[in-house]
Every structure is written in structure tokens, then in C-alpha cells.
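The figures that follow rest on heavy atoms only: side chains count, while hydrogens, waters and symmetry mates do not. Only a predicted model underlies this, so the values are computations on that prediction, with no experimental measurement involved. We count residues from 1, following the sequence as given.
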Amino acid sequence: MACEPSEESATSPRSTPEQTPTNESVASDYPAEAIDRFLESCTGGDPAMQRSCSCAIEEIQQRYSFEEFVELEQEIEAGRDDGTVLAELLQVCQ
């Protein structure tokens, strides 16, 4: 499934916590405030959406640099993007 951490081969036989794929390692490229803001907006206060929205932000972090994410957010907020990117990601995460 696209939302599960991929099993990448390590360059060293010993695995350190930094090399282990986790939500924290993925999230480290994006400020926590940006992730929290995205999750709040995405879920709209509906706890049932938390899993899909968490998956979506993980996919976003894998596909886009933080700068690209900010540009995408601005496009959506300005009404120049109809949210199809987010809709696609949520569909992938279901």
C-alpha cells in the first residue's frame, strides 16, 4: 500500500534509529506547525479522517519539497487549484 513505509535497503548492515522509516523521519523535512495545520484543515475536525489525512501528508512529503508544498497550499487557498492533488492523495490513502 502506498502509505506504508517502504523497505529500502540500508547501506550499512547495522540499522540506526535515523535509518528506520517512521512517521517522525518523514515529518522531519516539514515544520511540525505546517503538518499540524494541514491535518487540522484536512480532517475538518472529523476524527474518522485522521488516518487518511496522515497518509496524505506522508505522501505529500515524499512527492514534494516543503517549498513546493507551500506553493501548492497557496494555489489552493487562492482558488487557483481545485484541490485535485489533495483528492488524488486521499484516494491513494484509502
Side-chain angles (χ1 to χ4, degrees):
M1 179 172 202
C3 295
E4 295 177 12
S6 62
E7 294 185 27
E8 299 174 5
S9 60
T11 56
S12 167
R14 286 180 241 140
S15 178
T16 64
E18 292 78 26
Q19 293 172 328
T20 305
T22 64
N23 290 347
E24 290 78 24
S25 67
V26 172
S28 66
D29 291 82
Y30 282 45
E33 301 82 33
I35 294 169
D36 291 343
R37 187 176 61 245
F38 172 85
L39 291 173
E40 184 178 318
S41 174
C42 178
T43 62
D46 182 357
M49 289 295 296
Q50 185 66 38
R51 182 171 177 245
S52 293
C53 292
S54 293
C55 172
I57 192 64
E58 289 174 17
E59 286 291 316
I60 289 169
Q61 290 176 89
Q62 291 176 7
R63 295 181 187 194
Y64 302 102
S65 69
F66 179 67
E67 291 77 21
E68 292 170 327
F69 170 72
V70 169
E71 290 175 17
L72 181 60
E73 266 190 322
Q74 291 171 346
E75 292 291 314
I76 292 170
E77 289 173 6
R80 292 188 294 264
D81 183 295
D82 61 4
T84 56
V85 171
L86 180 58
E88 173 198 337
L89 291 169
L90 288 172
Q91 186 172 11
V92 165
C93 290
Q94 294 196 3

**Message:** Give me the atom names and distance for the closest heavy-atom approach of Ile57 to Ser54.
**Reply:** CG2-O, 3.1 Å
**Message:** Using every non-hydrogen atom in the two residues, find where Arg63 and Glu68 come nearest and quote the distance to one decimal.
**Reply:** O-OE1, 4.1 Å
**Prompt:** Taking all atoms of both residues into account, what is the closest heavy-atom pair of Glu59 and Cys93, and its distance?
**Reply:** CG-SG, 4.0 Å
**Prompt:** Could you give the distance from CG (Leu89) to SG (Cys55), rounded to the nearest 0.5 Å?
**Reply:** 8.0 Å
**Asked** According to the interplanar angle, ranging from 0 to 90°, do the rings of Phe66 and Tyr30 count as parallel (below 30°), tilted (30 to 60°) or perpendicular (above 60°)?
**Response** perpendicular
**Message:** Can you give me the closest heavy-atom contact between Phe38 and Ala56, atom names plus distance?
**Reply:** CZ-CB, 4.2 Å
**Message:** For Glu75, is the CD atom crowded, meaning more than 12 foreign heavy atoms sit under 6.0 Å from it?
**Reply:** yes
**Prompt:** Roughly how far, to the nearest 0.5 Å, is the OG1 atom of Thr43 from the CZ atom of Arg51?
**Reply:** 15.5 Å
**Request:** Could you walk me through whether Asp29 and Phe69 pass the side-chain contact (heavy atoms from CB on, under 4.5 Å) test, one step at a time?
**Result:** CA-CA 11 Å; Asp29 291 82; Phe69 170 72; over 6 Å; no
